[in-house]
Peer 1: 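Here it is: the structure, laid out below.
When reading the values below, keep in mind they use all heavy atoms of this one structure, side chains included, and skip hydrogens, waters and symmetry mates. So that the names make sense, note that chain A is the first sequence line, chain B the second, and so on, each numbered from 1.
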Amino acid sequence: MELLNKYLYQVGRHLPTKDKEDTINELQSIILDQLDIKLQEGIAEETALVAILTELGDPRSVAFRYRNMTPLLKRELEQVLWQVIKVPAIIIPLVLILIRTIEFVSGTSNYTIMDVLLQWAYEIPSILTTVIVVMGLIFFIFLILDRYTDVDFNEVAFTFDPKKLPALPKKVFKASIGESTITIIGSVVMLYVLNFDQGLIAINDLNGIKRGLLNDNFNNILPFLNLNIMLGMGIAIFHLIKRRKNKVSKTAEFIQSMFGAFVLFYLASNNIFDATLVADHNLTFLKVGFRVILYIAAVAAVLSAIITYVKMFLDKD
Amino acid sequence: MADKDSLVKNLKLELRKGTLVIAVLSQLVTKHYGYSLVETLNSNGLFIDQNTLYQLLRRLDKNGLLESTWEVIEPRPRKYYQLSELGKEVLIELKKDIMHNFNVITTLLKEVT
């Protein structure tokens with residue numbers, strides 16, 4: 001019943017998580033009841049199933065009918081939208097990075113590759129914002145076109161053919177809501193503390209003035225730390241919404257963990273504490289202890305990432 | 001001719017829309033699952049496609065007019081629907097209304113040849 005599973009999977013993709021299981025079970029029972037009737041009439045199973053699914057209609061429309069909703073855009077327009085939206089998603093980041101790189105290189109006499117990479121890291125928030133705004137504008141334009149015009153992109157009207165349903169994803173893993181939620185909250189807290197309120201990681205110097213405990217070495221590594229935290233948060237948000245992991249998201253998790261381990265190694269191998277404050281308050285133990293903890297955390301992150309990733313291939317269905 | 005046909009078709013659909021809800025509610029005095037309800041309605045001359053029926057069942061269920069339960073009766077689990085107490089009250093109201101409308105229309109159509 002692979003065809004049926006493919007169909008139900010595609011319907012499920014457009015259903016809210018709350019109702020998904022119940023709706024899919026009901027739809028499956030409906031289809032199988034009809035299949036029983038057709039089999040009794042002597043029709044071959046696959047022919048009968050194709051006929052039933054064709055009559056039901058394409059999975060997206062079925063899902064929206066079950067939700068008592070209509071999609072925001074006509075299917076034909078949606079297909080064009082996805083083609084159009086790929087262009088700015090690729091071109092805008094490349095163009096902005098190129099412009100910033102040229103500006104940086106032409107304005108700086110001595111720079112290293114690390115300096116260039118740091119510049120790119122600093123640009124990530126503004127690039128992401130620009131891409132999101134442009135995509136939103138394009139979507140809004142398509143919405144206006146759908147609602148108020150009869151625009152025709154010469155797209156062939158969509159005809160549903162159950163035999164052309166995409167293959168089922170190879171493997172799906174359950175995602176823990178608790179783990180994802182804790183990751184998201186922890187990421188937000190860390191981003192806040194490290195970027196907006198380093199006063200939380202500050203102590204008074206001998207003159208009674210509050211000073212940040214972390215020095216410029218840490219500030220130089222901070223964009224990479226931010227990038228790692230945001231990547232982790234993005235993956236956790238994806239898992240929370242989809243309630244499942246797949247090989248692609250687990251691979252992204254692996255890459256993010258390895259990148260995180262690299263950042264931890266880098267932090268551990270550089271002195272990130274303000275030397276004056278450390279000396280004034282006899283905090284050498286902090287410097288040493290933190291370094292040890294970071295090295296252990298980095299090794300643990302690498303091992304855990306490798307084990308988790310390899311386990312994905314070894315686990316049977 | 002084509003214009004007239006499509007006009008009649010659209011108007012017939014409008015007429016049907018108004019009667020589908022009461023037709024479905026009337027059969028759910030007894031428990032039915034989706035496909036058995038389609039069969040019952042079809043055998044009584046009301047032909048309804050499944051997508052329309054299931055959409056309607058979900059809407060009525062969400063509005064509290066139906067109670068739905070999963071039951072495991074061979075060969076597979078099925079979702080059964082039946083009128084709730086509210087659904088029974090609403091059905092009685094709708095029945096009165098439609099019978100009144102039926103009598104009015106019958107009177108009005110007596111003049112039409």
Peer 1: Rounded to the nearest 0.5 Å, what separation is found between the OG1 atom of T23(A) and the NZ atom of K79(B)?
Peer 2: 6.5 Å

Peer 1: Under 4.5 Å heavy-atom distance to chain B, tell me which part of I37(A) shows up: side chain, backbone, both or neither.
Peer 2: side chain

Peer 1: Is Q28(A) close to chain B through its backbone or its side chain, or both, or neither, when contacts mean heavy atoms under 4.5 Å?
Peer 2: neither

Peer 1: Return the minimal non-hydrogen interatomic distance between S29(A) and R78(B), and the atom names on each side.
Peer 2: OG-CG, 3.7 Å

Peer 1: Top residue by heavy-atom pair count (under 4.5 Å) with chain B, among D36(A), V62(A), L56(A), D33(A)?
Peer 2: D33(A)

Peer 1: Closest heavy-atom contact between Y54(B) and E26(A)?
Peer 2: CD2-OE2, 4.5 Å

Peer 1: Do any of residues 28-40 of chain B have a heavy atom less than 4.5 Å from a heavy atom of chain A, and if so, which, in residue order?
Peer 2: Y33(B), Y35(B)

Peer 1: How about E71(B): does its CD atom have over 12 heavy atoms from other parts shown lying under 6.0 Å from it?
Peer 2: yes

